[in-house]
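Ligands are counted one by one from 1 in listed order, and the atoms in each one are counted from 1 as well. From a predicted model like this one, the values you see are computed outputs, not experimental measurements.
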Amino acid sequence: MSDLLEDLGQAVFDMDEDTTVELTQQAIDEGMDPEIILNDSLVPAMDEVGEEYENGDRYVPEMLLSAEAMKGAMKLLRPLLVESGVEPAGTVVLGTVEGDLHDIGQNLVSMMVEGAGFEVENLGAETPAEEFVEAVKEHDPDVVGMSALLTTTMTHMPEVIEALDEEGLREGVKVAIGGAPVSQDFCEEIGADGYAPDAASATKLIKKLTKN
Ligand code: B1M
């Protein structure tokens, strides 16, 4: 790997958004293939960040800062990737369920999944079932991801699955869920396809569900 790509990955790992953006621009200006910048430098750096978090060697705010740096680089790369026809790894519609304002974790999941090369339609907090359904019709995603932080709102998750079923859309998508009160048992109970306890494992789960 070139020194520049190595330094770029290190900047993401070090949570240094300014350097990440600067080095991404430099790599673009030097004519590097945007796909190589993404896949050989940025994505492996975020994988490492995810691993550190899973091992307990990195906390949420530090993971967020690396994700922000990655987002800064993606802003520069996305138009070039689209131009060069690089297919995203898949599309994910993501939202926090109805009545639930908590969107910090969900945004973190969104950033990490985006960092892994997926296109993410982030519906934000307080997303009713109908909005998930509309987004699935509009974006034809591979995965619908739902987040809930309250025991009183996790009950909306099966409603979304039912609404997708009623519209004949359930077969065409995988459903991933997460959030503090949610568990693997709950996932199985409501017929979702996967549960992940944190943003790093959500990314792995979505990769697995889409076989990326
Ligand atoms: Co609220 N809140 N809150 N809150 N809040 C909790 C969740 C609570 C546990 C605090 C407590 O009592 N100890 C409690 C819930 C109790 C329960 O139901 N079991 C609670 C409560 C009760 C409330 C209110 C009802 C308080 C009130 O008004 N009386 C109210 C509800 C409002 C509403 O939603 N309608 C409320 C409001 C708020 C704020 C608005 C002030 C604010 C939210 C701001 C925002 O998000 N924009 C807030 C906050 C910040 C919290 C705590 C302190 C932190 C949540 C957070 O952001 N964590 C929280 C207590 C706590 O967790 N310590 C609490 C950091 C974040 C990175 O983690 O969200 O868990 P987390 O996300 C993780 C994983 O869960 C996972 O990955 C993420 C990253 O690793 N994950 C997924 C999340 N979504 C996923 C989706 C996936 C996969 C993984 O697949 C698709």
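To the nearest 0.5 Å, atoms CD1 (Ile206) and CG (Leu94) are separated by 6.5 Å. Residue Ser183 holds its OG atom at 7.5 Å from CD of Glu189, rounded to the nearest 0.5 Å. Distance check: Gln25 CD to Leu76 CG gives 5.0 Å after rounding to the nearest 0.5 Å.
Distances from atom 54 (C) of ligand 1 to the protein include no heavy-atom value under 4.0 Å. Put simply, atom 51 (C) of ligand 1 has protein non-hydrogen atoms near it, under 4.0 Å away. Distance check for atom 83 (C) of ligand 1: a protein heavy atom is found below 4.0 Å. Note that atom 62 (O) of ligand 1 has no protein non-hydrogen atoms nearby, at separations under 4.0 angstrom. Distance check on atom 11 (C) of ligand 1: every protein heavy atom falls at or beyond the 4.0 Å cut-off.
Of the options Leu150, Thr96, Val93, the smallest heavy-atom separation from atom 15 (C) of ligand 1 is shown by Leu150.
Neither the backbone nor the side chain of Glu126 comes within contact range of ligand 1; no heavy atom lies under 4.0 Å. Contacts with ligand 1 closer than 4.0 Å are made by no heavy atom of Thr152, backbone or side chain. For Pro181, no heavy-atom contact with ligand 1 is shorter than 4.0 Å. The side chain of Tyr53, and not its backbone, has at least one atom closer than 4.0 Å to an atom of ligand 1 (non-hydrogen atoms only; side chain from C-beta on).
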